[in-house]
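Quick caveat: nothing in here was measured; it's all calculated off a predicted structure. We use all heavy atoms of the structure for the numbers below, so side chains are in, but hydrogens, waters and symmetry mates are not.
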Amino acid sequence: MGLEQWLPFALSVVSVIFVIYGTLILKRKWTPIGAKVLVEPEHLEAWCKSEGKTKILWGVTVMFAALYYADFFIPIIWAGCFIAMAIYCIYLGQENNHKYMKN
C-alpha cells in the first residue's frame with residue numbers, strides 16, 4: 001500500500017477528529033487546559049464558541065487536503081480551497097486568542 005492510497009484516508013480521519021473536537025469545545029463539553037489558564041473566566045464561553053468553530057473549519061480544511069491527495073474531480077481546486085481555508089483559519093485563531101487571552 002503506497003502513500004497515495006493511505007494518505008487521503010488518514011487525512012479524512014484527522015478531519016473527522018477535528019470536527020468532533022471542535023464540536024466538543026463549541027458545546028462546552030471539553031475546554032482545553034491552556035484556555036482555562038490563559039482566558040479570563042468571564043470570556044471563556046465566548047472563546048470556546050469561537051475556538052470550536054475554528055477547529056471545525058480546520059476539519060473542513062484538512063478534508064480539502066484529503067480530496068486533493070485522492071485526485072478527486074479537479075485536484076487544483078482542492079489545493080486552492082485548502083490554502084485559502086488554512087490562511088482563514090490561522091487568521092481566526094489569531095484574532096480569537098488576541099481578543100480573549102490575558103495579556
Asks: Looking at every heavy atom in both Thr31 and Ala35, which two are closest together, and how far apart are they?
Replies: CG2-CB, 4.3 Å
Asks: Only counting residues at least two apart or in another chain, list the ones meeting side chain to side chain donor-acceptor pair (under 3.5 Å) with Asn97.
Replies: Trp47
Asks: Rest of the hydrophobic cluster containing Ile20 (Ile/Leu/Val/Met/Phe/Trp/Tyr, side-chain heavy atoms under 4.5 Å)?
Replies: Val16, Tyr21, Leu24, Ile25, Trp30
Asks: Can you give me the closest heavy-atom contact between Ile56 and Val19, atom names plus distance?
Replies: CG1-O, 3.9 Å
Asks: Should Trp6 and Val62 be regarded as members of a common hydrophobic cluster, given that ILVMFWY residues are connected when their side-chain heavy atoms come within less than 4.5 Å of each other, either directly or indirectly?
Replies: yes
Asks: Cys89 and Thr61: which non-hydrogen atoms are nearest, and at how many Å?
Replies: SG-OG1, 3.7 Å
Asks: Please answer: with hydrophobic residues joined when any side-chain heavy atoms are less than 4.5 Å apart, are Phe72 and Val14 in the same cluster?
Replies: yes
Asks: Show your working on side-chain contact (heavy atoms from CB on, under 4.5 Å) between Phe82 and Tyr68 and close with a plain yes or no.
Replies: CA-CA 9 Å; Phe82 171 77; Tyr68 171 77; over 6 Å; no
Asks: Mind checking whether Trp58 and Tyr69 sit in one hydrophobic cluster, side chains of I, L, V, M, F, W, Y counted as touching below 4.5 Å?
Replies: yes
Asks: Which class fits the ring pair His43 and Tyr100: parallel under 30°, tilted 30 to 60°, perpendicular over 60°?
Replies: tilted
Asks: Any link between Trp78 and Tyr88 through a network of hydrophobic side chains (Ile, Leu, Val, Met, Phe, Trp, Tyr) touching at under 4.5 Å?
Replies: yes
Asks: Rounded to the nearest 0.5 Å, what separates atom CG in Leu38 from atom CG in Leu44?
Replies: 11.0 Å
Asks: Supply the atom-to-atom distance Ile87 CD1 to Leu92 CG, rounded to the nearest 0.5 angstrom.
Replies: 12.5 Å
Asks: Working to the nearest 0.5 angstrom, can you tell me the gap between Ser50 OG and Lys99 NZ?
Replies: 7.5 Å
Asks: For Ile74, what residues pass the side-chain contact (heavy atoms from CB on, under 4.5 Å) criterion, not counting sequence neighbours?
Replies: Ile76, Ile77
Asks: Side chains of Lys53 and Asn96: does their closest heavy-atom pair fall under 4.5 Å?
Replies: no
Asks: Could you report the tightest heavy-atom contact between Leu11 and Ala66, atom names first, then the distance?
Replies: CB-CB, 3.7 Å
Asks: State whether Lys55 and Glu51 are salt-bridged, where the test is any N-O pair (Lys NZ or Arg NE/NH1/NH2 against Asp/Glu carboxylate O) under 4.0 Å.
Replies: yes
Asks: Hey, quick one: are Leu26 and Ile33 part of the same hydrophobic cluster, counting side-chain heavy atoms closer than 4.5 Å, chains of contacts allowed?
Replies: no
